[in-house]
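The block underneath contains the structure these notes are about, expressed in structure tokens.
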Amino acid sequence: MRGNLLGTTDKRHKHLSSTLRILPDEIIAEILVRVPASSVVKFKIVCKSWNALISSPRFASDHLHRSTADPTMTRPRLVFRSDRGFEFFSVQSVYKNPSAPTEDACFQMDDDVHILGSCNGLICLTLLNRNRRWESIRLWNPCTRLASDWLKIRPEGPMFGDYIYGFGYDHVHDNYKFLEGSLAHRYKVHTFGSNSWTTIIQDHPFYPLQSIGKFVNGTLNWAAHTRNNCFKWVILSFDLANESFCPMSLPNRDHSDYSYSSVFFTMLGVLRNNLCVCFNENYSRLVLWEMKEHGDGVQESWTKLVTISSELLVPRRYGSQLLSFRALYIMENDDVLAVSYYSDARKLVMFNANVGQLTHTNLCEPGLHSCYVYHESLVSPSHLGLPCFLYGSTTD
């Protein structure tokens, strides 16, 4: 007898349907909120009431809060741009089989579409114009495949130097924001769903090292040095709620361990929803620190997580040297997944924070420079008042 969506026979499905009809709506919601997003989204076709429940902003919010507390529900994946499109790899598959991780999905995308950030299951995309400058941005949920319309943006001035950008969630006002700009040409913040930009008029004496801001607890963050001293480093943090910049302290270090050039390989990452920073200590070792209490801005907030010794920094071949890495994800056994920055390549690596063992995966793509950890959710651009449509097709 032919099976149906729920994997039951027609006779058993009639019995199940009768059972579900006598269950209170609150019980059904409590059951479905415990199901991973990629599974529960398929249940929208069971009946109209389930479709309304699963599509509602309240259910998406409840589901997000529960899944955030249980990482197995969000099924964390790595996503990056490649020649094939947007490739998704399960974090678990990378850990279990680093030499041949399993690709979960690959979405075909035009060459001029790129990723600017990921937060709560939403990915911020940009559309490049013929001059390779950002023309528009949109929100996209790969789990539900719903996307918003393109929003026109017009970055002012050059998109290099002290130009920065970032995408994140403002939990105080329950909205998503995108920041872009530079000190010379002002910073602008767009709140999705508001159809408006806010210009930030605030001076600060810092020069960000990388353009992209790391999202942590309602803030976007950059490693930056003062404009007149490249050895004086801070975390430049932008609060998405009050839309203002402030500096936070980095770990205390002995500057004798740093050459003029090695300090420029300082790199931020995010582990366990905590900000972390990797330092290149005079090309002899890499040291990863984790900030346990974000926002304190004090030295005691930092904990040294792992040191990669000089023996592991030996060039893989002539002209190739491990310069830094950007931490992406950490497992319960303290195995860290990171993008390594060699002098001639970007490569996905794993290392154990307890023993310092370094393992290379077979993922080596230029697009790893913009690799993100994606957690699936039911959050939709429509919940922000944005018109939505299905977007993105997978390759066979």
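None of these values were measured; they are calculated from a predicted model.
- Formation of a donor-acceptor pair under 3.5 Å by the T394 side chain with backbone atoms of C106 is not found in this model.
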Requested in this report: Please assess C246 against D239 for the test side-chain contact (heavy atoms from CB on, under 4.5 Å), listing each intermediate value before the final yes or no.
Outcome: CA-CA 8 Å; C246 71; D239 190 307; over 6 Å; no

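- Looking only at distances, a side-chain donor or acceptor of N141 sits under 3.5 Å from a matching main-chain atom of S377.
- With hydrogens and angles ignored, the 3.5 Å screen pairs no side-chain donor or acceptor of E376 with any backbone N or O of C143.
- Within a 6.0 Å radius of CZ in R272, other residues, nucleotides and ligands contribute more than 12 heavy atoms.
- Rounded to the nearest 0.5 angstrom, S324 OG and I308 CD1 are separated by 9.5 Å.
- In terms of heavy atoms, S56 sits closest to L53 at OG-O, 2.7 Å.
- Side-chain contact, N228 with Y207: no donor N or O sits under 3.5 Å from an acceptor N or O.
- Inter-residue side-chain proximity for F178 and L116 is flagged as met; some heavy-atom pair is nearer than 4.5 Å.
- Looking at D62 and R58, a side-chain N of the basic residue comes within less than 4.0 Å of a carboxylate O on the acidic one, giving a salt bridge.
- A ring-centre distance under 6.0 Å is found for F325 and F351.
- Residue K177 holds its NZ atom at 9.0 Å from OG of S194, rounded to the nearest 0.5 Å.
- The distance from atom NZ of K152 to atom CD1 of I137, rounded to the nearest 0.5 Å, is 12.0 Å.
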Query - Verdict with supporting geometry, F245 and L236, side-chain contact (heavy atoms from CB on, under 4.5 Å) - result: CA-CA 7 Å; F245 290 97; L236 181 61; 3.9 Å; yes

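- Minimum heavy-atom separation, L220 to G213: CD2-O, 4.1 Å.
- Judged by the 6.0 Å distance and 45° axis criteria, R138 is positioned over the aromatic ring of Y391.
- Taking 4.5 Å as the limit, every side-chain heavy atom of Y341 sits out of range of all side-chain heavy atoms of K347.
- Shown are N175, N217, D174; of these, the side-chain hydrogen bond (donor to acceptor under 3.5 Å, both in side chains) with Y169 is made only by D174.
- Between M350 and M331, every side-chain heavy-atom pair lies at or beyond the 4.5 Å cut-off.
- Separating the CH2 atom in W302 from the OG atom in S249 is a distance of 9.5 Å, to the nearest 0.5 Å.
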Would you tabulate the side-chain donor-acceptor contacts of residues 24-31 under 3.5 Å, counting partners in other chains and residues two or more places apart, or write 'none'?
from, atom 1, to, atom 2, distance (Å)
E30, OE1, R34, NH1, 2.8

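- In the displayed structure, N242 atom CG is contacted under 6.0 Å by more than 12 heavy atoms of other residues, nucleotides or ligands.
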Report task. For the pair I115 and F167, evaluate side-chain contact (heavy atoms from CB on, under 4.5 Å) and give the outcome as yes or no after the intermediate values. Result -> CA-CA 10 Å; I115 302 174; F167 168 66; over 6 Å; no

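- Across all non-hydrogen atoms, the minimal contact from C388 to S382 is SG-N, 3.1 Å.
- Between R75 and D104 there is no salt bridge, since no side-chain nitrogen of the basic residue lies less than 4.0 Å from a carboxylate oxygen of the acidic one.
- Under the 4.5 Å side-chain heavy-atom criterion for grouping Ile, Leu, Val, Met, Phe, Trp and Tyr, I123 is connected to W150 within one hydrophobic cluster.
- Across all their heavy atoms, H171 and G218 have their closest contact at ND1-CA, 4.0 Å.
- Looking at heavy atoms from C-beta onward, L146 lies out of side-chain contact with H383 at the 4.5 angstrom threshold.
- Using a distance-only test at 3.5 Å, with no hydrogens or angles considered, no donor-acceptor pair links the side chain of D110 to the main chain of V113.
- Taking every heavy atom of both residues into account, T361 and V94 meet most closely at CG2-CG1, 3.9 Å.
- Judged by distance alone, with hydrogens and angles left aside, the side-chain atoms of Q210 form a donor-acceptor pair with the main-chain N or O of T266 at under 3.5 Å.
- Ring geometry, Y163 versus Y165: the interplanar angle falls from 30° to 60°, so the pair is classed tilted.
- No donor-acceptor pair under 3.5 Å is formed between the side chain of S61 and the backbone N or O of P57.
- When all heavy atoms of F215 and V270 are compared, the closest pair comes out as O-CG2, 3.9 Å.
- Looking at residues two or more places apart in sequence or on another chain, you find no ring pair (Phe, Tyr, Trp, His ring centres under 6.0 Å) involving H375.
- M267 contributes atom CE, which lies 12.0 Å from atom CZ of F279 (distance to the nearest 0.5 angstrom).
- Inter-residue side-chain proximity for L384 and L139 is flagged as met; some heavy-atom pair is nearer than 4.5 Å.
- Using a 4.5 Å cut-off on side-chain heavy atoms (C-beta onward), Y176 and L240 make no contact.
- Looking only at side-chain heavy atoms (C-beta outward), V91 and L78 come within less than 4.5 Å of each other.
- Side-chain atoms of N51 and S49 form no donor-acceptor pair, as typed in the model, at a separation below 3.5 Å.
- Screening residues 100-127 for ring-ring contact (aromatic ring centres under 6.0 Å, His included), with sequence neighbours left out, gives F88-F107, F107-W140.
- Follow the hydrophobic side-chain contacts under 4.5 Å out from L64 and you never reach V172; the two are in separate clusters.
- Under a 3.5 Å cut-off, the side chain of W222 and the backbone N or O of S211 do form a donor-acceptor pair.
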Query - Residues H204, Y187; criterion side-chain contact (heavy atoms from CB on, under 4.5 Å); working and verdict - result: CA-CA 12 Å; H204 61 76; Y187 302 101; 2.9 Å; yes

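- Side chains of C371 and L328 form a contact here, defined as non-hydrogen atoms less than 4.5 Å apart.
- Annotation: the span from L32 atom CG to K44 atom NZ amounts to 12.5 Å, rounded to 0.5 Å.
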